[in-house]
Student: 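Here it is, the structure, as structure tokens.
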Amino acid sequence: MLDAAEEAEGWGPTTYEGVAALPFDPVRRVATAVLRRPGRLGIHTLVTKGAVEAVLERCALDGDERERLLTLAARKADSGLRLLAVARADRPARHGAYTPADERGLTFVGLVALRDVPAPSAAEALDVLARRGVTVKVLTGDHPGTAARACEDLGLRTNAAGGYGDVVTAELMDTLSDAELARVADRATVFARCTPEHKARIVSALRAAGHTTGFLGDGVNDLPALHAADVGICPRNAVDVAREAADVVLAEKDLTAIDRAVLAGRHSNGNIATYLRISLSSNLGNVIAMLTAGLMLPFLPMLPAQVLVQNLCFDAAQLAFAFDRPGASALRRPTVLRSRDFLRFITGFGLLNAAADLATFGVLALALHNAAGTDGEAAFHAGWFTENLLTQALVMVLLRTGRSAAERRAGGPLRAAAAGLAVVGVVLPLTPLGPLLGMSALPPLYYLLLGSVLGLYAVGLTAARRRYERRRTVGAELERTAGAEPEQGVRKAGAER
């Protein structure tokens, strides 16, 4: 810019020499270079560039001229251009350090207009994130009009009318308390003219309001917000300190990578939540049945070795949860284990599991009424061992998260693992390993009666699951009607520099 402006005076790219510099400061919003030109002994030239408002404040201009330039800059910014103002001044050369106080009485040189071209995949990536329930917010030091136009080009709706619309300026933020800022940040899309402290404050306000925040930044100015966010994200080409502060470093500055990470995280969280619900409800049912049987029977309802083998088989089968594919509905929102809802689930399904175990005790009493002594104990152990693994296999298939009936019939690793668990439960007592574990073969009548118990258990599981999901859907609708977050929804705030 300086070369172009001074071309008539013979300035060229090799005719001036840098002497000192005042680096960019997000509070001052300008940077200054101090130059020495050959043939002008005793004179240093200060060249200042930065935000239009900040540079014009430092220029020797009358009020009308300053307003005219600000209006021109605002019009250009509204068209999507990023503007830098450039000014200069000659100062007597000195050996001491230059300070911001020297950036006064400058002569305005001109405006530099830049246009940021969005990445080809940016608009699509933002649309996908929106469908995932991820809300993107832009925290920038740019002019409000520039930021608003860029967001509109990317499909992010904004209301640049000011005030408490979708575009909030730093000046407005400074007048708000933390609670007020949290409410404004929940509705706003763009925060313009932000300093590093503003960015960190916005992220902290969103977190305090109960949102999970992820911040994407690549510069030194983004460090406070990267530290304040739940997850700090930066691209590989970010400055070193930003990469060190970030929790996640992207191989490329591509928002689609964030969507893939969100999807993978929800996939894993959904499977972990399913595992916890199934494992804990089954264990609770077994504990209730074990305590009840211990009060009713003159012998141990299950030997320690049998408990160990049963748990090893069940735990090995549950490794298949790592390879399960949750349904699309389970991936639309993050999985959140709310304590009250979680306890209600494991208690309800645990009691249902205990009822199936107690019904099995009645079946065993009917099928083994002629058995006595050691043979009766071994047969009881075998019968409960088989029923336990069969009911746990049913639970794995019927209580999967977010899967429709058609999807559950499609098979997959989890279905294969459940089938293997059921086979082990039926066959193991009949093998030579059965007697070593204290189990014996069972009469055919037991398997016939057990089939009836399992059928009723499957019907009960299906009905209880439908009722549970219906209650959760109604609860989520009531929360949305009241203006609260969806039950499994966590809003995330992303940011760009």
Student: Minimum heavy-atom separation for Ala228 to Ser204, with atom names?
Tutor: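 That closest heavy-atom pairing would be CB-OG, 3.8 Å.
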Student: Can any side-chain N or O of Thr386 pair as donor or acceptor with the backbone N or O of Gly425 at less than 3.5 Å?
Tutor: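 The answer is yes, because a donor-acceptor pair under 3.5 Å joins these two groups.
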Student: Give the C-alpha distance, both sets of side-chain angles, the deciding distance and a yes or no for side-chain contact (heavy atoms from CB on, under 4.5 Å) between Leu366 and Val363.
Tutor: CA-CA 5 Å; Leu366 181 62; Val363 167; 5.8 Å; no
Student: Any chance you could lay out the side-chain contact (heavy atoms from CB on, under 4.5 Å) test for Leu284 and Asn353, step after step, and finish with the verdict?
Tutor: CA-CA 8 Å; Leu284 176 63; Asn353 183 276; over 6 Å; no
Student: So which atom in Tyr468 and which in Arg277 form the shortest heavy-atom distance, rounded to 0.1 Å?
Tutor: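 Smallest interatomic distance, heavy atoms only, reads OH-NE, 4.1 Å.
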Student: Considering only heavy atoms from C-beta outward, does the side chain of Leu352 approach that of Leu461 to under 4.5 Å?
Tutor: yes
Student: Going by the rule side chain to side chain contact (heavy atoms under 4.5 Å, CB included), which residues pair with Ala209 if we only count those two or more places apart in sequence or in a different chain?
Tutor: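 With neighbours one apart ignored, the set is Ala182, His211.
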Student: May I ask you to test the Asp178-Arg201 pair for a side-chain heavy-atom distance under 4.5 Å?
Tutor: yes
Student: Just by distance, do the side chain of Asp230 and the backbone of Thr213 share a donor-acceptor pair under 3.5 Å?
Tutor: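 Answer holds: yes.
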Student: Which pair of heavy atoms, one from Ala379 and one from Leu364, lies closest together, and at what distance?
Tutor: O-CD2, 4.3 Å
Student: Quick one: are Lys199 and Pro224 in side-chain contact, heavy atoms under 4.5 Å?
Tutor: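 No, their side chains stay 4.5 Å or more apart.
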Student: Do Asn271 side-chain atoms and Phe321 backbone N/O form a donor-acceptor pair below 3.5 Å?
Tutor: yes
Student: Just by modelled atom types, is the Val190 backbone N or O under 3.5 Å from a matching donor or acceptor in the Lys137 side chain?
Tutor: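 Looks like no, no N/O pair under 3.5 Å.
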Student: Mind checking the CG-CZ spacing from Leu442 to Phe380? Nearest 0.5 Å is all I need.
Tutor: 11.0 Å
Student: For a side-chain contact (heavy atoms from CB on, under 4.5 Å) check, start with the C-alpha distance between Arg183 and Leu176, then their side-chain angles and the critical distance, and finish with the verdict.
Tutor: CA-CA 10 Å; Arg183 291 193 294 270; Leu176 302 176; over 6 Å; no
Student: With a 4.0 Å cut-off, would you call Asp240 and Arg243 a salt bridge?
Tutor: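 Yes, this pair counts.
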Student: Within the structure provided, determine whether Val231 and Ile233 are in side-chain contact (heavy-atom separation under 4.5 Å).
Tutor: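 Val231 vs Ile233: side chains touch.
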Student: Taking it one step at a time, do Met396 and Leu399 satisfy side-chain contact (heavy atoms from CB on, under 4.5 Å)?
Tutor: CA-CA 6 Å; Met396 288 178 62; Leu399 294 188; over 6 Å; no
Student: Does any non-hydrogen side-chain atom of Phe191 lie less than 4.5 Å from one of Thr140?
Tutor: no
Student: Quick test of your reading of the model: are Arg131 and Asp127 salt-bridged, counting only N-O distances below 4.0 Å?
Tutor: yes
Student: Take a 6.0 Å sphere around CZ of Arg344 and say whether it holds more than 12 heavy atoms from other residues, nucleotides or ligands.
Tutor: yes
Student: Is it true that the side chains of Asp357 and Tyr457 contain a donor and an acceptor less than 3.5 Å apart?
Tutor: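 No - no donor-acceptor pair under 3.5 Å links their side chains.
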Student: Taking the side chain as every heavy atom from C-beta outward, state whether Trp384 and Met290 have any pair of such atoms under 4.5 Å apart.
Tutor: yes
Student: Could you check whether any side-chain N or O of Ser268 sits under 3.5 Å from a backbone N or O of Gly265, counting only pairs where one atom can act as donor and the other as acceptor?
Tutor: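 The answer is no, because no donor-acceptor pair under 3.5 Å joins these two groups.
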Student: Return yes if some donor-acceptor pair links the side-chain N/O of Arg132 with the main-chain N/O of Val262 below 3.5 Å, else return no.
Tutor: no
Student: In Å and rounded to the nearest 0.5 Å, what is the NE2 to CG distance from His381 to Leu303?
Tutor: 4.5 Å
Student: If I compare all heavy atoms of Ala393 with all of Leu421, which pair ends up nearest, and what's the gap?
Tutor: N-CD2, 3.9 Å
Student: If you look at every heavy atom in Phe361 and Ala289, which pair is closest and at what distance?
Tutor: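 Taking Phe361 first and Ala289 second, the nearest heavy atoms are CE1-O, 3.8 Å.
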Student: Quick one: are Leu139 and His198 in side-chain contact, heavy atoms under 4.5 Å?
Tutor: no
Student: Over all heavy atoms of both residues, which pair between Leu226 and Gly232 is shortest? Give the atoms and the distance, please.
Tutor: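 Reported closest heavy-atom pair: CD2-CA, 3.8 Å.
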Student: Is the closest basic N to carboxylate O distance between Arg193 and Asp142 below 4.0 Å?
Tutor: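 No, no charged N to carboxylate O under 4.0 Å.
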Student: Mark yes or no for whether His267, through its side chain, and Leu263, through its backbone, hold a donor-acceptor pair below 3.5 Å.
Tutor: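 The answer is no, because no donor-acceptor pair under 3.5 Å joins these two groups.
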Student: Give, for atom CD of Glu387 and atom CG of Leu449, the distance between the pair rounded to the nearest 0.5 Å.
Tutor: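 Glu387 CD to Leu449 CG: 13.0 Å, rounded to 0.5 Å.
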Student: Kindly say whether Leu437 contributes a backbone atom to a donor-acceptor pair with the side chain of Gln306 at under 3.5 angstrom?
Tutor: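 Yes; at least one donor-acceptor contact below 3.5 Å.
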Student: Determine whether more than 12 heavy atoms belonging to other residues, nucleotides or ligands lie under 6.0 Å from atom OH of Tyr447.
Tutor: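 Yes, enclosed.
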Student: So does Leu308 get a backbone contact from the side chain of Asn311, meaning a donor-acceptor N/O pair under 3.5 Å?
Tutor: no
Student: Does the Thr391 side chain pair with the main chain of Asn388, one donor and one acceptor, at a distance under 3.5 Å?
Tutor: yes
Student: Are Asn283 and Ile346 side-chain neighbours, meaning at least one heavy-atom pair lies under 4.5 Å?
Tutor: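 When only atoms from C-beta onward are counted, Ile346 and Asn283 do not touch, as no gap falls below 4.5 Å.
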